[in-house]
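Structure first, commentary second.
All residue numbers refer to positions in the sequence shown, counting from 1.
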Amino acid sequence: MITQTSRWIILVTLLAPGVLSAQQSGSTVIRAGNVFDSEAGTLLGPKNIVVNGNRIVAIRDAADVPAADEVIDLRAYTVIPGLIDTHTHLLYLEAIGSGLTMEGIKAVVTEGTVLRALHGAARARTFLDAGITTVRDLGNSGQFGDVALSRAIADGSHAGPRVIPSGPGLSPEGGQFPGLQPEFRSVADTEYRIVRGPEDAAAAVQENVAFGARVIKIFANNTPNPGSLSIAEMEAIVETAHRLGVKVSAHATSDAAIWRAVEAGVDAIDHGYQVADSTLSLMAEQGTFLVPTDVDSLGLLKFFEGQDNPASPAQVSGQLQFLRDRLRRARAAGVTIAAGSDMYIDMNRPQGEAAKRVLFAYAEAGMPSLEILQAATINAAVLLGMEGRLGVVKAGAFADIVAVDGNPLGDLGALERVVFVMKNGQTYMRHR
């Protein structure tokens with residue numbers, strides 16, 4: 001009998017484009033003009049990267065060019081690890097100026113999981129083109145549509161980044177659908193896993209992991225709704241998730257919600273807009289990551305211009321200052337930053353390109369290019385529990401390799417000039 005998830009996977013394969021080469025069994029030598037060492041935070045100069053199958057097996061000096069089935073000449077470019085976006089929503093995209101409730105209900109009721117997965121497959125390819133080879137997809141994908149997409153990409157049916165799916169987010173009553181009437185609470189149940197008490201919270205984690213989730217997304221507070229999870233509920237979630245070998249990331253916007261989530265032991269706070277310095281200190285002490293889902297100034301201006309009542313320039317400036325100050329304070333407190341975009345707004349450009357603009361938002365807050373690159377590589381890999389395998393260009397890591405035109409340490413704009421993308425040993429983009 002074909003399960004519903006299997007049907008999603010079959011349908012997603014209909015959109016699958018091919019790759020430029022499939023070096024899963026052969027050897028490849030990439031001749032790099034410069035290599036970014038994300039662990040040391042330095043450029044290594046010209047190197048030869050030896051890839052066999054889906055792994056990097058050696059980094060050699062430029063003069064040492066071993067025999068290989070394929071040699072790729074990137075000596076005019078800088079090679080970096082494949083970028084990682086730790087907060088995406090591939091199966092959800094809403095127009096500027098639209099409301100979360102109506103757009104969410106439309107996605108659930110009129111689009112449905114199968115079509116959303118197909119749309120997500122098309123968006124996934126744009127992340128690869130942007131040099132983002134791994135994403136952590138955090139809900140808003142119906143009942144495990146993100147898991148289906150992750151499997152379709154993993155089995156080669158569709159080109160896209162490696163997807164770490166959460167399944168439906170664990171939320172207080174109503175999810176993020178403000179104004180939803182009680183007789184239609186099933187709509188929220190379709191998009192979220194509504195949690196009702198600590199025992200149910202633990203059961204929700206078991207369900208999500210059983211059905212393919214590789215990270216647990218929770219809503220410590222479910223803004224714009226007024227609800228929140230209790231510390232007891234979140235502790236039950238964290239204990240169960242960690243016992244099953246998966247991490248927990250918390251949507252948390254108010255300081256009270258952030259504090260409770262950190263006290264409960266979550267691995268990361270996503271957003272963290274209203275965080276106090278004392279809470280940032282607690283996060284640093286406990287090793288809790290912050291994923292600042294910020295927007296660069298041009299993106300924020302475009303967003304406000306699309307509203308029915310556009311914000312004034314002073315309001316836009318104030319919002320930017322608010323976001324930038326939070327990131328500066330987090331860095332000063334010693335909180336580890338992992339890059340995440342939360343780019344679910346249609347900016348009239350490929351979603352992967354729009355998502356990468358979060359790195360430029362960090363730059364506008366005064367974050368040095370080195371820290372930004374580390375946030376999108378080695379730090380993100382640690383948050384995913386995949387250190388040594390992702391976010392680095394070194395022997396033993398997955399062959400997720402991106403080349404850019406320029407030196408991104410001196411000119412972050414080089415990240416906009418991606419000329420080569422390899423993920424898991426397969427080449428997906430090569431500009432000659």
Original post:
Could you give the distance from OG1 (T134) to CG (N424), rounded to the nearest 0.5 Å?
Top reply: 9.0 Å
Original post:
Side chains of V393 and D37: closer than 4.5 Å at any heavy-atom pair?
Top reply: no
Subject >> Sole candidate of N221, T223, T293, D294 that passes side chain to side chain donor-acceptor pair (under 3.5 Å) when paired with H271 >> reply: T293
Original post:
Hey, does the side chain of Q351 reach the backbone of M343 with a donor-acceptor pair shorter than 3.5 angstrom?
Top reply: yes
Original post:
With a 4.5 Å limit on heavy-atom distance, are the side chains of M347 and I96 in contact?
Top reply: yes
Subject >> Lys/Arg N to Asp/Glu carboxylate O, R417 vs D411, below 4.0 Å >> reply: yes
Subject >> Side-chain ion pair, E233 and R196, N-O less than 4.0 Å >> reply: no
**OP:** To the nearest 0.5 angstrom, please state how far the CZ atom of R123 sits from the OH atom of Y92.
**Re:** 10.0 Å
Original post:
Between T88 and V135, is there a donor-acceptor pair closer than 3.5 Å when you use the side chain of the first and the backbone of the second?
Top reply: no
Subject >> Side chain N208, main chain A213, donor-acceptor under 3.5 Å >> reply: no
Subject >> Heavy-atom side-chain proximity of D400 to R162 below 4.5 angstrom >> reply: yes
Original post:
So do P292 and I337 actually touch side chain to side chain, heavy atoms under 4.5 Å?
Top reply: yes
Original post:
Does NZ or CZ of R326 lie under 6.0 Å from the centre of the six-membered ring of Y273, at an angle within 45° of the ring axis?
Top reply: no
**OP:** Could you tell me whether the side chain of R329 reaches within less than 4.5 Å of the side chain of D277, counting heavy atoms only?
**Re:** yes
**OP:** Kindly compute the distance separating CE (M283) from OG1 (T279), expressed to the nearest 0.5 Å.
**Re:** 8.5 Å
Original post:
Which atoms form the tightest heavy-atom contact between R214 and S150, and what is the distance?
Top reply: NH1-OG, 4.4 Å
Original post:
Is R260 salt-bridged to E263, cutoff N-O under 4.0 Å?
Top reply: no
Original post:
Using 4.0 Å as the upper bound for N to carboxylate O, is an ion pair formed by R357 and E353?
Top reply: no
**OP:** May I ask you to decide whether R193 forms a salt bridge with D200, counting only side-chain N to carboxylate O separations under 4.0 Å?
**Re:** yes
**OP:** Kindly compute the distance separating CG (N379) from CD (Q374), expressed to the nearest 0.5 Å.
**Re:** 6.0 Å
**OP:** Apply ring-ring contact (aromatic ring centres under 6.0 Å, His included) to Y192 and F219, showing your working.
**Re:** CA-CA 10 Å; Y192 304 90; F219 291 84; 5.5 Å; yes
Subject >> Electrostatic pair D137:K217 at N-O distance under 4.0 angstrom >> reply: no
Original post:
Which distance, rounded to the nearest 0.5 Å, do you find between the CG of D189 and the CD1 of I194?
Top reply: 5.5 Å
**OP:** Please name the pair of heavy atoms, one in L412 and one in S369, separated by the smallest distance, quoted to 0.1 Å.
**Re:** CB-OG, 3.9 Å
Original post:
If you look at every heavy atom in E173 and N222, which pair is closest and at what distance?
Top reply: O-ND2, 3.3 Å
Subject >> Shortest non-hydrogen contact from R349 toward D346 >> reply: N-OD1, 4.5 Å
Subject >> Neighbour count >12 (heavy atoms, 6.0 Å) for atom CD, E199 >> reply: no
Original post:
Within a strict 4.5 Å, meaning less than it, do heavy atoms of the I216 and V209 side chains meet?
Top reply: yes
Subject >> Which atom of A252 lies closest to which atom of I258, heavy atoms considered >> reply: CB-CG1, 3.6 Å
**OP:** Determine, for K394 against E39, whether the closest basic-nitrogen to carboxylate-oxygen distance falls under 4.0 angstrom.
**Re:** yes
Subject >> Heavy-atom check, side chain of L83 versus side chain of T133, under 4.5 Å >> reply: no
Original post:
Would you say L43 and L409 make side-chain contact, with heavy atoms under 4.5 Å?
Top reply: yes
Original post:
Between S166 and G139, is there a donor-acceptor pair closer than 3.5 Å when you use the side chain of the first and the backbone of the second?
Top reply: yes
Original post:
Rounded to the nearest 0.5 Å, how far does CG of L74 lie from CG of D405?
Top reply: 11.0 Å
Subject >> Criterion side chain to side chain donor-acceptor pair (under 3.5 Å) on D85 and S341, from CA distance to verdict >> reply: CA-CA 7 Å; D85 187 336; S341 67; 2.6 Å; yes
Original post:
Salt bridge check: are E364 and R324 linked by an N-O gap of less than 4.0 Å?
Top reply: yes
Subject >> Electrostatic pair R136:D270 at N-O distance under 4.0 angstrom >> reply: yes
Subject >> Minimum-distance pair of heavy atoms, taken over all atoms of L320 and S297 >> reply: CD1-CB, 3.8 Å
Subject >> N140 side-chain N/O to L91 backbone N/O, donor-acceptor pair under 3.5 Å >> reply: no
